[in-house]
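Throughout, a chain's letter reflects where its sequence line sits, starting with A, and its residues are numbered from 1.
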Amino acid sequence: MNITLKDGRVANYSFGATPLEVARDIAPRLAKEAVAARVNGRLWGLGQPLAGDAALEFLTFEDEDARLVYRHSSAHVLAQAVKRLFPDARLAIGPAIADGFYYDFDVPQTFTPEDLERIESEMEKIIAADLPVECFELPRDEALELVRGEGEDYKVELISGLAPDAVISFYRQGEFTDLCAGPHVPSTGRIKAVKLLSVAGAYWRGDERNKMLQRIYGTSFPKAALLKEHLFRLEEAKRRDHRRLGAELDLFSFHDAGPGFPFFHPRGMVLRNELERFWREEHAKKGYLEIRTPIILRRELWERSGHWEHYRENMYFTTIDDEKYAVKPMNCPGGILVYRSRLKSYRELPIRLGELGLVHRHEMSGVLHGLIRARCFTQDDAHIFCRPEQVEEEIVRIMDLTEYFYRQVFGFEYHVELSTRPEKSMGTDEMWESATGALVRALAQKAVNYKVNEGDGAFYGPKVDFHLRDCLGRTWQCGTIQVDFQMPEKFELEYVGEDGQRHRPVVIHRVIYGSMERFIAILTEHFAGAFPVWLAPVQARVLPITDRHAPYAREVTETLLRAGVRAEFDGRNEKVGYKIREAQVLKVPYMLVTGDREAESGTVAVRHRSAGDQGSIALNDFTGRLVREIESRAR
RNA sequence: GCCGGCGUAGCUCAGUGGCAGAGCAGCUGAUUUGUAAUCAGCAGGCCGGGGGUUCGAAUCCCUUCGCCGGCUCCA
């Protein structure tokens with residue numbers, strides 16, 4: 001058997017040799033550090049025998065696929081430990097995830113934090129025993145017999161779901177055997193540092209109609225130092241949490257009086273207003289007009305739009321003079337009424353009606369998450385009414401705008417998802433295909449990579465979503481583009497074409513920020529509260545050294561305020577170090593220390609929140625520089 | 001909504017059946033200060049709410065509300 005290594009060398013081995021043996025021959029260190037292998041491009045276990053000539057590559061923990069193997073093996077160790085301590089536990093599934101792994105168990109009792117500790121110790125024992133991990137395959141009926149014999153009902157269900165001709169493999173380590181496609185690390189001793197992080201409920205197969213299982217989350221690393229580093233990073237990430245920073249920086253708050261309903265404070269409003277100002281400027285340039293529609297509208301409107309049928313459980317209702325009304329969960333019907341208020345000509349299309357619209361949605365209590373998931377939020381919405389042949393170009397224009405906002409202005413990385421027709425939806429297949437096709441063509445035209453979420457679209461149309469990351473790497477949908485042929489039908493929208501006949505326009509629903517609240521949350525976490533100067537609630541703080549410098553410091557503050565800078569005067573009877581510390585904690589971009597030297601020379605001693613002491617500069621020069629920095633909206 | 005955890009001063013937290021505490025923040029005074037915390041004093045509490053057990057409950061039990069992590073669902 002000829003084994004071709006990555007560096008081009010060819011070595012000869014007898015049939016059935018394992019990658020681990022090859023690695024040992026190359027270097028003991030490689031044998032130790034390798035986690036998995038790639039054989040002819042396929043992921044391969046180190047202990048998995050080679051069957052013929054092969055191109056062999058070794059993968060260390062640095063490699064993403066190898067990391068998944070490592071964590072997956074860790075999940076097996078977890079399951080083994082749980083089975084030892086809780087023999088009644090039934091195993092569900094236990095995959096590797098981004099930064100670790102989990103395993104779902106069906107157990108009569110609930111796992112306590114103490115149980116987690118016990119399980120973790122048991123895992124250590126399994127690791128110390130360095131049990132070899134062996135793979136074996138069984139025909140379907142024998143596989144079923146095996147898992148039935150063990151009472152593993154969930155595994156029975158999993159095997160039953162496999163294709164009739166599928167190879168059914170199992171992995172065994174010591175007394176423990178699990179149905180698994182593999183591959184795995186060659187022995188349990190390969191797992192060096194493990195940590196169980198939390199327990200959570202999770203429905204079997206992710207369906208809330210099924211039984212809720214107990215999911216244990218954990219992570220593992222080949223070195224204790226790496227685990228420690230990872231745990232430290234998690235702590236660091238928590239310090240960027242917008243809920244914590246929102247309170248610390250006095251941006252917004254939540255109260256029992258309205259769970260899920262955010263209160264914006266003066267500093268938070270500055271941020272929000274700046275974002276809105278920027279949004280209005282850019283949208284005006286792109287041919288959008290702004291409207292505002294009511295928050296409460298008659299229920300009949302929502303019955304007509306389909307919201308009553310498809311979205312009722314997320315809506316709030318009220319009664320006015322014995323008539324039934326609903327609080328809007330979306331802005332579209334309002335925008336449509338504006339369009340319908342006067343007959344339109346094809347010459348006017350596309351008509352782009354933007355609306356910073358406040359919507360209320362009844363979200364389930366367990367999903368609320370600060371500003372990221374609230375029960376009321378303001379969408380930076382727009383409804384574009386266009387002719388069918390204009391749809392694609394409009395979609396591309398929105399994608400360009402999103403790219404400009406996200407990447408250019410804020411410096412965010414994002415990913416795109418396409419969601420198709422859900423089960424609960426309205427309209428004909430033809431309309432859905434046409435709408436989805438327009439989105440797909442626009443994505444192709446922009447050469448954007450995207451993931452497809454089958455059945456995840458809105459009830460009235462398919463959508464393309466733009467996702468941003470929060471401090472813990474969770475991604476949230478922000479921007480979205482939705483193509484809608486339904487609302488125009490439901491509301492009998494029309495325009496007069498070149499031919500003098502009435503035609504039906506298409507509606508494109510879209511948001512760029514998504515919601516002001518969610519976007520502010522992501523923005524806060526992204527910058528860890530140190531907002532770019534143009535967004536900073538306070539852009540400069542003037543810090544007189546003693547009372548005697550207060551008059552000059554006030555003058556400086558006034559000069560800045562007149563230039564349009566958000567400046568604050570800190571005349572408190574404290575030492576400069578104290579005032580600086582407080583301004584630093586509030587992440588004020590510029591601190592201007594003013595003492596005798598500055599007062600005499602008409603300068604300010606500039607301290608930047610991250611660059612530190614910048615020395616003295618003439619006040620006029622500083623003001624000019626700062627104003628230019630603000631106007632450029634630099635990051 | 002479901003599973004688990006947690007609710008003590010504005011914030012971060014001690015306090016496990018026997019007198020509600022600390023640091024920071026706040027207020028008052030002293031200090032007049034040069035690049036991340038000056039000192040002292042004062043004030044601050046329905047221990048999330050309700051019910052129960054007990055001679056006695058922040059502490060044990062039940063219930064309810066809220067928050068946190070997941071699941072499901074979604075901007």
Intermediate values then yes/no, side chain to side chain contact (heavy atoms under 4.5 Å, CB included), A:F466 and A:I481: CA-CA 9 Å; A:F466 299 85; A:I481 306 173; 3.8 Å; yes
CA sep, side-chain torsions, deciding dist, call: A:L78, A:V194, side chain to side chain contact (heavy atoms under 4.5 Å, CB included): CA-CA 10 Å; A:L78 165 60; A:V194 289; over 6 Å; no
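Distances shown here put a side-chain N or O of A:R243 below 4.0 Å from the OP1 or OP2 atom of B:C68. Taking 4.0 angstrom as the limit, A:R607 places none of its side-chain polar atoms (N or O) nearer than this to OP1 or OP2 of B:G34. Applying the 4.0 Å criterion to OP1 and OP2 of B:A37, one finds that A:K579 has every side-chain N and O outside that range. Remark: A:Q477 is in phosphate contact with B:A75, judged by side-chain N or O atoms under 4.0 Å from OP1 or OP2. OP1 and OP2 of B:U32 both lie 4.0 Å or more from every side-chain N or O belonging to A:Y578. Residue A:H362 has no polar side-chain atom (N or O) positioned under 4.0 Å from OP1 or OP2 of B:C73.
Residue-nucleotide stacking is not present for A:W476 and B:A75, judged by a side-chain ring centre under 5.5 Å from the six-membered base ring centre and planes under 30° apart.
Nearest to the side-chain atoms of A:D456 among the listed nucleotides B:A75, B:C71, B:C74 stands B:C74. You'll find that the side chain of A:Y217 is closest to B:C71, out of B:C71, B:A75, B:U32. Comparing B:A75, B:U72, B:G69 by their closest approach to the side chain of A:A374 singles out B:A75. Comparing B:G1, B:A75, B:G69 by their closest approach to the side chain of A:S365 singles out B:G1. Checking B:U38, B:G34, B:A75 against every side-chain atom of A:R518, the shortest atom distance belongs to B:A75. Here the nucleotide nearest the side chain of A:R548, chosen from B:C73, B:U32, B:U38, is B:U32. Among B:A75, B:G34, B:G1, the nucleotide with an atom closest to any side-chain atom of A:R597 is B:G34. Of the candidate nucleotides B:A37, B:G1, B:A75, B:G1 has the atom nearest to the side chain of A:Y203.
Applying the side chain to side chain contact (heavy atoms under 4.5 Å, CB included) criterion to A:D456, with sequence neighbours excluded, gives A:S419, A:N453. Qualifying side chain to side chain contact (heavy atoms under 4.5 Å, CB included) partners for A:L368, counting only residues two or more places apart in sequence or in other chains: A:E363, A:R375. A:P589 meets the side chain to side chain contact (heavy atoms under 4.5 Å, CB included) test with A:V533, A:A536, A:R609; sequence neighbours excluded.
Using a distance-only test at 3.5 Å, with no hydrogens or angles considered, no donor-acceptor pair links the side chain of A:R566 to the main chain of A:V538. A donor-acceptor pair under 3.5 Å links the side-chain atoms of A:E525 to the main chain of A:C471, judged by distance alone. In this structure a side-chain-to-backbone donor-acceptor pair under 3.5 Å is missing from A:E122 to A:E117.
Across the strands present, B:A37 finds no partner; the criterion is a Watson-Crick or G-U wobble pair with both atom distances under 3.5 angstrom.
Atom NZ in A:K575 sits roughly 14 Å away from atom C1' in B:A30 (whole-Å rounding). Rounding to whole angstrom units, CD of residue A:Q614 and P of B:G34 are separated by 21 Å. Protein atom CG of A:D547 is 14 Å distant from nucleotide atom P of B:G34, rounded to whole Å. With rounding to whole Å, A:M364 atom CE is found 9 Å from B:C2 atom C1'. Atom-to-atom, CG of A:D99 to P of B:G70 comes out at 12 Å; the value is rounded to the nearest Å. Atoms CD (A:E355) and C1' (B:A75) sit 15 Å apart, rounded to a whole Å. Following rounding to the nearest Å, A:K424 (NZ) and B:C74 (C1') show an atom-to-atom distance of 14 Å. The distance from atom CG of A:L368 to atom P of B:C68 is 8 Å, rounded to the nearest whole Å.
No contact: A:D465 has no heavy atom under 4.0 Å from any strand.
Heavy-atom minimum distance, A:I372 versus A:A521: CG1-CB, 3.4 Å.
Listed by first and then second residue, the salt bridge (Lys or Arg N to Asp or Glu O under 4.0 Å) pairs involving residues 94-112 of chain A are A:D104-A:R215, A:D106-A:K211 (not counting sequence neighbours).
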Listed pairs, N/O of protein and of nucleotides 3-11 of chain B, under 3.5 Å:
from	atom 1	to	atom 2	distance (Å)
B:C3	O2	A:G201	N	3.0

Restricting to nitrogen or oxygen on both sides, can you table the protein-nucleotides 58-64 of chain B pairs closer than 3.5 Å?
none

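Below the 3.5 angstrom threshold, one finds a donor paired with an acceptor across the side chain of A:E598 and the base of B:G34. Residue side chain A:R373 reaches the base of B:C73 through a donor-acceptor N/O pair under 3.5 Å, judged by distance alone.
For the C1' atoms, the distance linking B:U12 with B:G51 amounts to 31 Å, nearest Å.
Aromatic pair A:H230/A:F221: ring centres closer than 6.0 Å.
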